[in-house]
Amino acid sequence: MNPTPFARLADVSRQVAGTASRNEKVAHIAALLRDVAPDERALTADYLAGTLPQRRVGVGWRSLRGSTSTPAQAPTVAVREIDARLTELEDLHGPGSVTRRKELLDDLWARLTDAERTFLTGLLIGDARQGAGDGVMLKAIAAAADLKETQVRRAVMLAGRTGPVAAIALDGGAEALARIRLEVGRPLRPMLAGSSPDIASALGDVTAPGEWTVEVKLDGIRLQAHKIGDDVRLFTRSLDDITARLPEIVDLVGSLPARNVVLDGEAIALRPDGSPHPFQVTGARTASSADPDELRRTVPVTALFFDLLHLDGADLVDAPMQQRRAALQGLVPAEHVVSALEVTETAAAQAFFDDWVARGHEGVVAKRTDAVYAAGRRGNGWVKVKPRHTLDLVVLAVEEGSGRRRGYLSNIHLGARDGKGGFVMLGKTFKGMTDEMLAWQTRRFTDLMTERDDWVVRVRPEQVVEIAFDGLQRSTRYPGGVALRFARVLRYRDDKSAEQADSIDDVLRLAQWQQNNQVDPDEEQT
DNA sequence: TTGACGGCTTC
DNA sequence: ATCGGAG
DNA sequence: CTCCGATGAAGCCGTCAA
């Protein structure tokens, strides 16, 4: 079969972007999948889902700006060739690689038409904006191969990847797809949790005893651990292999009394007294590639597991949570299992939440005891609950929106009073705004404008906004030394003037309180 | 050797 | 990560 | 219910230029 022109994909992407109907998007993509050469199906599926199979190409928004040659008149480049070029770029390392990467990119760029450039740019900067991603691709694969969506979904979740499953589905049909099972050593998509503002709404009004369990939510990084005989592999939430970085967890998993195991949990840096370090400590440790044997001494990371997905030949993903939990407790030492409470009444769950939050942890995940492990899905089987803080802050500036927010003033800069008539910036947010608020704030901040550069509009600091956030983190970027974590707008407050907004002192008091919860002050003397 | 910058990942 | 909009 | 897109902060790594 002939190689598929990359232009064909760019064209379909444009069509997909051009319709709001999900069914139409699916139809366009399915038709394409059926049409491409078998050895280009995996690539096509990945590209039309807006992703690249390469992990780090090293080309971003900035380096693409410089490529200004005239676009090719006619398409000449095949899909497989794009892949080959991107792999070349990925493999470039060492001195001179930046220059060489630029050359290779310019070379490729000169051979692409305008439409191809647009599409490839979207893929490279991870921003295809065609209104279709992995989710739509699932439906498209099912449609193209004439298979049940649930079956395709299951295969993708267990295989962890979309492209290869698309190829298998179209090539081998239902039987080939059914052969894709959980494979120890190959990461699967982690199950995700929905969220609720509080315990009561997470558990619902009527809670039968034994219907829910609440678990501590640890503020670390998601960890999927595989024991394959004598070998161990550790994966992050995005299925990155981080085995080499966490030798202490490799040791732990390797010592478990079973041959083949798949565990799900969290890796977190804890102090000797068990209190959690701020997330930044765990993040820095798990991202560092410095000598792991040194790091495990200076910043040890603890694995705390909450799920068991496979045990010596038995897949447990379809077993109810309660059963998986029991098997987990039978396998893993208690100090490496996340604390949990079977809920008999809402008040007890609330007390559990209060207790663990007071000890400095992130919150709680409520889990239905009968829920299967829904890989890759964010269902109501798991619901996270975190404490929420609020502040009344002053808008210092606004940024022009892009994409669907073009033409609106969107991202707002937030400041607390400094007590001397000025303001201390604490971060930005674009979250929590309805279309109506967006329209309103565009007018409001245009009225308050004092100056503007390319995309930032400075305003007179008069508008107060109520902001919700999860907590504070240390910042070197912001002048107060702290930044808001996951800030979002609750409402604009026209009943308050800027002089009545919260001050940096209020914020620093909260930071102090947070810190006291993370570490018992009595233990800090040494 | 150091700091700036871009890319990429975590949450 | 969170959130709102839309199929 | 599911999916998508608009963007947040910190911090690591590699490369380059001073």
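Below, chain A is the first sequence line, B the second, and so on; all start at residue 1.
Note: CG (A:Leu192) to P (D:dC4) measures 13 Å, nearest angstrom. If you take CD of A:Gln54 and P of B:dC8, they are 11 Å apart, rounded to a whole angstrom. Going from atom CG of A:Leu409 over to atom P of D:dA6 covers 16 Å, rounded to whole Å. Rounded to an integer number of Å, the gap from A:Arg222 CZ to B:dT9 P is 18 Å. In this structure, A:Leu124 places its CG atom 12 Å from C1' of B:dG7, rounding to the nearest Å. A straight line from CE of A:Met437 to C1' of C:dT2 spans 14 Å, rounded to a whole angstrom. For the pair A:Gln441 CD and C:dG4 P, the computed distance is 13 Å after rounding to whole Å. Summarising the geometry, the separation between CG on A:Leu239 and P on B:dT9 is reported as 12 Å, rounded to the nearest angstrom.
Relative to the side chain of A:Thr434, the nucleotides B:dC11, D:dC3, C:dG5 differ in distance, and C:dG5 lies closest.
For A:Lys386, a side-chain nitrogen or oxygen approaches OP1 or OP2 of C:dT2 to under 4.0 Å. The phosphate of D:dT2 has OP1 or OP2 within less than 4.0 Å of a side-chain N or O from A:Arg377. The side chain of A:Asn380 contributes an N or O atom lying less than 4.0 Å from OP1 or OP2 of D:dC1. One finds no side-chain N or O of A:Lys139 lying less than 4.0 angstrom from the OP1 or OP2 phosphate oxygen of D:dC3. Dashed line: the shortest gap from a side-chain N or O of A:Arg405 to OP1 or OP2 of C:dG4 is not under 4.0 Å. At least one side-chain nitrogen or oxygen of A:Ser63 sits closer than 4.0 Å to the OP1 or OP2 atom of B:dG7.
At the heavy-atom level, A:Glu90 lies nowhere under 4.0 Å from the strands shown. Using a 4.0 Å heavy-atom criterion, one finds that A:Ala468 contacts no nucleic acid atom at all. Using a 4.0 Å heavy-atom cutoff across all strands shown, A:Arg488 reaches sugar-phosphate atoms only and no base atom. Counting non-hydrogen atoms under 4.0 angstrom, A:Gly401 reaches the backbone sugars and phosphates but no base. Within 4.0 Å (heavy atoms only), A:Thr236 reaches sugar-phosphate atoms of the nucleic acid but no base atom.
Taking the C1' atoms as reference points, C:dA1 lies 16 Å from B:dC8, given to the whole Å.
Here A:Ser195 contributes atom OG and A:Asn380 contributes atom CG; the two are 12.0 Å apart, rounded to the nearest 0.5 Å.
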Where along nucleotides 8-18 of chain D does protein come under 4.0 Å, by heavy atom, of base (B) or sugar-phosphate alone (S), with - for untouched nucleotides? BSSSSS-SS--

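Counting distance only, with no hydrogens placed and no angle test, the side-chain atoms of A:Arg22 and the base atoms of D:dT2 include a donor-acceptor pair under 3.5 Å.
The residue among A:Lys217 and A:Val489 whose nearest nucleotide of DNA chain C is located toward the 5' end is A:Lys217. Of the residues near DNA chain D, A:Arg378 and A:Asp127, the one whose nearest nucleotide (by heavy atom distance) lies more toward the 5' end is A:Arg378.
Stacking of A:Arg368 on the aromatic ring of A:Trp382 is not recorded, the 6.0 Å distance cut-off and the 45° axial limit not both being met. In this structure, A:Lys217 is not positioned above the aromatic face of A:Phe306 in the sense of NZ or CZ being under 6.0 Å from the six-membered ring centre and within 45° of the axis. Cation-pi geometry between A:Arg485 and A:Phe279 is met: the NZ or CZ atom falls under 6.0 Å from the ring centre, inside 45° of the normal. At least one test fails for A:Arg509 against the ring of A:Trp513: distance under 6.0 Å to the centre or angle within 45° of the axis.
Outside the 6.0 Å centre-distance limit, the rings of A:Tyr408 and A:Trp440 are not counted as a close aromatic pair. A:Phe235 has its ring centre less than 6.0 Å from the ring centre of A:His226.
For residues 284-304 of chain A, no pair satisfies ring pair (Phe, Tyr, Trp, His ring centres under 6.0 Å), with sequence neighbours left out.
The closest side-chain donor-acceptor pair between A:Ser503 and A:Asp505, if any, does not fall under 3.5 angstrom.
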